[in-house]
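Accompanying notes for the structure given below.
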Amino acid sequence: MAAVPVITVDGPSGSGKGTLAKALADHLGWHLLDSGALYRIVGCVAARLSVEVTDQTALAELARGLDIQFQGDVVWVRIAGQRTDLADEIRTEDAGVQASVVAALPEVRRAILSVQQGFRRNPGLVADGRDMGTVVFPDAQLKIFLDASAEERAQRRYKQLKNKGLSVSLRGLLEQIRERDARDRGRAVAPLKPAEDAVILDSTHLSIDAVLAQVVSLAKKAGLAH
Ligand code: C5P
């Protein structure tokens, strides 16, 4: 039986990979895995239950026992028996930082591996993250690594937050992005890097529509789309 097709979209935060992955999954009518959301959920649930981010074993146990349901924009997570919507909480800057701290722990990554692989279902999966092409789906039929300069990524985040009416400092965002990049690229387990067989795209000067068009054309060439 042929393996369920997977397209992986990896890259640093703010490269546009989340938007690209969602648009691509919609275009193809495939499932979507937002793996960053899983690490964000582990971080948020740990904070709510006062689990120390240094307690790797407790965090891994928490990750293994997670009961999550993505329902449109709602993210249901069962916390201490209570079904809770964490959609807003996991999208904050703090949750991103917390996620990258717990994501550096090997036991947590191991616990989340099978949860991620469980998303591979017909007719296909678009998987968005940092190590989708290198570790989680090494046999993916198409691997994209989407990059953009740190300055451009900070600008994009700045505009997003301003549009939400939040007052933020561009310099602070740039610093945060650089710190998170360093942690993601420098960690011992599953560091952020393109798979050897990945196609590297740079979105610094490209709109998301232009990037999507390129990726759809690559998917067609790979026989994954019409
Ligand atoms: O993609 P997003 O910004 O939601 O991810 C939050 C953090 O989760 C990242 O900075 C990274 O540390 C971690 N992550 C990861 N591996 C993934 C997805 C996210 O380590 N596949």
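Order of appearance sets the numbers: ligands from 1, and atoms from 1 within every ligand.
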Discussion item. Can you report which non-hydrogen protein atom sits closest to atom 16 (N) of ligand 1, along with the distance?
Written reply: Arg109 NH2, 3.0 Å
Worksheet item: With only distance considered, is Asp34 within less than 3.5 Å of ligand 1 through an N or O on each side?
Response: no
Worksheet item: Just distances here: any N/O of Tyr39 and N/O of ligand 1 closer than 3.5 Å?
Response: no
Practice prompt. Identify the heavy atoms of Arg120 and Asp139 that sit nearest to each other, and give their distance.
Written response: NH1-OD1, 3.1 Å
Discussion item. Tell me the closest heavy-atom pair linking Pro12 and Asp181, and the distance in Å.
Written reply: CB-OD1, 3.8 Å
Discussion item. Does only the side chain of Arg187 get under 4.0 Å from ligand 1, or the backbone, or both, or neither? Count heavy atoms.
Written reply: side chain
Item to complete: Flag Gln116 as yes when one of its N or O atoms lies below 3.5 Å from any N or O atom of ligand 1, and as no otherwise.
Response: no
Worksheet item: Out of Asp34, Asp128, Asp10, which residue meets the salt bridge (Lys or Arg N to Asp or Glu O under 4.0 Å) rule with Lys17?
Response: Asp128
Discussion item. Counting non-hydrogen protein atoms only, what is the nearest one to atom 18 (C) of ligand 1? Give residue, atom name and distance.
Written reply: Ser35 OG, 3.4 Å
Worksheet item: What protein heavy atom sits nearest atom 12 (O) of ligand 1, and how far away is it?
Response: Asp184 OD1, 2.7 Å
Practice prompt. From atom 3 (O) of ligand 1, work out which of Arg40, Met132, Arg91, Gln98 has a heavy atom at the shortest distance.
Written response: Arg40
Discussion item. Out of all atoms in ligand 1, which are within 4.0 Å of some heavy atom of Ala99? Include the element for each.
Written reply: 6 (C), 7 (C), 8 (O)
Discussion item. I need the contact type for Lys17 against ligand 1. Using non-hydrogen atoms and a strict under-4.0 Å cut-off, is it side chain, backbone, both or neither?
Written reply: side chain
